[in-house]
Amino acid sequence: MSIHDDDILDFDFVDDETQERTAPTRPSGDGVRGGGRPPRGPQGPRLRAPQGITPLLRLIGLIAFAIVVVVLLVVWVQGCSNDKQRDDYNAYMTDIGAVGSDSEQIGEELATLLTTPGLKQAVLEQKLAGFIQQQELDVQRAQDVDSPGPLTPAHEQAIEALQLRVSGMQGLLTTFKTTASAKDATAAGQRLSTQGSRLEASDVVWQDLFRAQATQVTLDEGVEGVTAPPSVFVQNAELYSTRSMTSIWQRVHGASTGGTPTGAHGSGLAYTKALPSGQQLSTSTETTIETSTELGFEVGVTNTGENQEVGVEVTLTIPKATSPIVRKGTIDVIDPGETKTVRFSELPEVDFGERTTVQVSVKPVAGETNTGNNSAEYPVIFSLG
């Protein structure tokens with residue numbers, strides 16, 4: 001074999017740059033002509049480490065960094081999206097809550113109007129018409145509120161509840177006007193009660209079809225810390241019963257013809273109980289009352305006359321060494337022969353171990369002549385138990 005052939009077979013796994021370098025001088029005397037390479041051992045061709053490992057590691061690092069940046073960006077965008085959604089829901093609940101609160105106030109004012117002693121037909125019609133206009137404005141305000149998409153069905157129910165309140169009050173006004181000269185008080189009361197049922201239904205729509213549905217939507221959407229607002233138009237459903245509305249109609253028309261009470265009028269103190277035990281107090285025997293954070297009293301009042309009474313005021317007084325405890329309550333409407341209760345709770349601390357009294361009085365109603373049963377004084381002693 002020639003030297004040229006030997007050079008062809010003599011190869012090495014090196015890159016071009018290495019091959020271009022000047023080969024080191026081979027030591028002489030090794031038996032190879034022209035100072036050739038020494039003979040290779042039995043291990044075969046020599047393998048050298050790759051030269052591009054550092055750039056590869058850098059590339060991997062850049063890719064990892066880019067992935068982290070993308071993940072953080074996605075988390076940030078998602079967080080911003082959640083914050084915006086919560087802000088949108090909260091803004092909506094605030095706006096519709098303001099409308100519901102105003103509507104609730106109208107309901108309270110209507111109840112006050114219907115239970116006003118000596119109320120005349122003309123005054124009732126004027127004020128009731130004003131309530132209707134206010135409620136119509138609330139409907140418009142609700143329609144102008146921008147609701148988030150998922151809340152749209154619930155929002156429509158809130159508007160429906162407000163419209164029911166407009167319809168109910170319009171029905172009341174129309175009935176009072178058309179029955180002004182009627183003779184059948186019961187029939188008039190039934191018609192008025194039917195319109196009152198619309199007002200009660202509005203509360204059901206608001207609670208079940210708006211508030212409950214809106215609350216479920218917020219849960220489904222993962223929106224936390226946002227609550228659908230309440231709105232209760234009818235605080236006392238009994239006010240709109242046929243019996244009550246019949247008496248209201250009679251009282252209004254009686255007042256419109258002169259304003260002076262007719263027939264027997266009266267109210268009487270039926271009983272006084274300590275709460276939460278339910279002990280009935282006695283005017284002749286001292287009662288020991290174990291106190292607690294739930295200490296309170298329940299006072300029963302009976303309409304002893306022949307006419308419906310409204311705005312019956314009840315006062316409870318407990319004398320103390322420093323200053324007496326005085327609480328007042330009101331019965332909106334009470335029909336003849338009916339007994340209603342007033343509860344007094346969240347009382348301040350009483351004097352323990354000392355004999356004292358619980359004093360209760362019912363303010364006489366218009367036209368009442370017998371006031372002998374309108375007040376009582378109960379001897380008691382408060383114990384720590």
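Atom set for the values below is all heavy atoms of this structure, side chains included, hydrogens, waters and symmetry mates excluded. Bear in mind that the values here come from a model prediction, so they are computed numbers and not experimental data.
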At what distance, to the nearest 0.5 angstrom, does [atom1] of [X] lie from [atom2] of [Y]?
{"X": "Gln157", "Y": "Arg211", "atom1": "CD", "atom2": "CZ", "answer": "16.0 Å"}
{"X": "Ile334", "Y": "Asn307", "atom1": "CD1", "atom2": "CG", "answer": "12.5 Å"}
{"X": "Gln280", "Y": "Glu298", "atom1": "CD", "atom2": "CD", "answer": "9.5 Å"}
{"X": "Thr218", "Y": "Met93", "atom1": "OG1", "atom2": "CE", "answer": "6.0 Å"}
{"X": "Ile132", "Y": "Leu137", "atom1": "CD1", "atom2": "CG", "answer": "12.5 Å"}
{"X": "Thr287", "Y": "Lys273", "atom1": "OG1", "atom2": "NZ", "answer": "13.0 Å"}

- prompt: Is Gln143 atom CD crowded by more than 12 heavy atoms from other residues, nucleotides or ligands, each under 6.0 Å away?
  reply: yes
query: So with a 6.0 Å cut-off around CD of Glu294, is the heavy-atom count from everything else above 12?
result: no
Quick check: does any side chain N or O of [X] sit under 3.5 Å from a backbone N or O of [Y], one acting as donor and the other as acceptor?
{"X": "Thr330", "Y": "Val312", "value": "no"}
{"X": "Gln308", "Y": "Trp249", "value": "no"}
{"X": "Ser244", "Y": "Leu239", "value": "yes"}
{"X": "Asp203", "Y": "Phe233", "value": "yes"}
{"X": "Arg165", "Y": "Val139", "value": "no"}
{"X": "Ser101", "Y": "Gly97", "value": "no"}
{"X": "Ser241", "Y": "Ala237", "value": "no"}
{"X": "Glu313", "Y": "Lys328", "value": "no"}
{"X": "Thr246", "Y": "Thr242", "value": "yes"}
{"X": "Gln213", "Y": "Leu209", "value": "yes"}

message: For a side-chain hydrogen bond (donor to acceptor under 3.5 Å, both in side chains) check, start with the C-alpha distance between Glu136 and Gln140, then their side-chain angles and the critical distance, and finish with the verdict.
response: CA-CA 6 Å; Glu136 288 175 335; Gln140 184 60 54; over 6 Å; no
task: Begin from the C-alpha positions of Val360 and Phe297 and carry the test side-chain contact (heavy atoms from CB on, under 4.5 Å) through to its verdict.
output: CA-CA 10 Å; Val360 180; Phe297 294 91; over 6 Å; no
Salt bridge Asp144-Arg141, side-chain N to carboxylate O under 4.0 Å: no
query: Which pairs with one or both residues in residues 91-127 pass ring pair (Phe, Tyr, Trp, His ring centres under 6.0 Å), sequence neighbours excluded?
result: Tyr92-His155
field: Verify same cluster id: Phe352, Tyr378 (apolar side-chain graph, 4.5 Å)
entry: yes
query: Does Phe382 belong to the same Ile/Leu/Val/Met/Phe/Trp/Tyr cluster as Leu275, with side-chain heavy atoms less than 4.5 Å apart forming each link?
result: no
message: So which atom in Pro319 and which in Gln359 form the shortest heavy-atom distance, rounded to 0.1 Å?
response: CG-NE2, 3.5 Å
statement: Residues Leu269 and Ala376: closest non-hydrogen pair is CD2-CB, 3.5 Å
query: Does the pair Glu290 and Ser277 meet the rule for a side-chain hydrogen bond (donor to acceptor under 3.5 Å, both in side chains), with working shown?
result: CA-CA 8 Å; Glu290 293 186 3; Ser277 65; over 6 Å; no
message: Tell me which one of Ile381, Val380, Asp351, Val350 satisfies side-chain contact (heavy atoms from CB on, under 4.5 Å) with Thr356.
response: Val380
Asn303, Val310, Leu114 screened by side-chain contact (heavy atoms from CB on, under 4.5 Å) with Val333, the one that passes: Val310
query: Do Ser103 and Gln135 get their side chains close enough for a donor-acceptor pair, meaning under 3.5 Å?
result: yes
- prompt: Pick from Thr178, Asp184, Thr179: which one makes a side chain to side chain donor-acceptor pair (under 3.5 Å) with Arg191?
  reply: Thr178
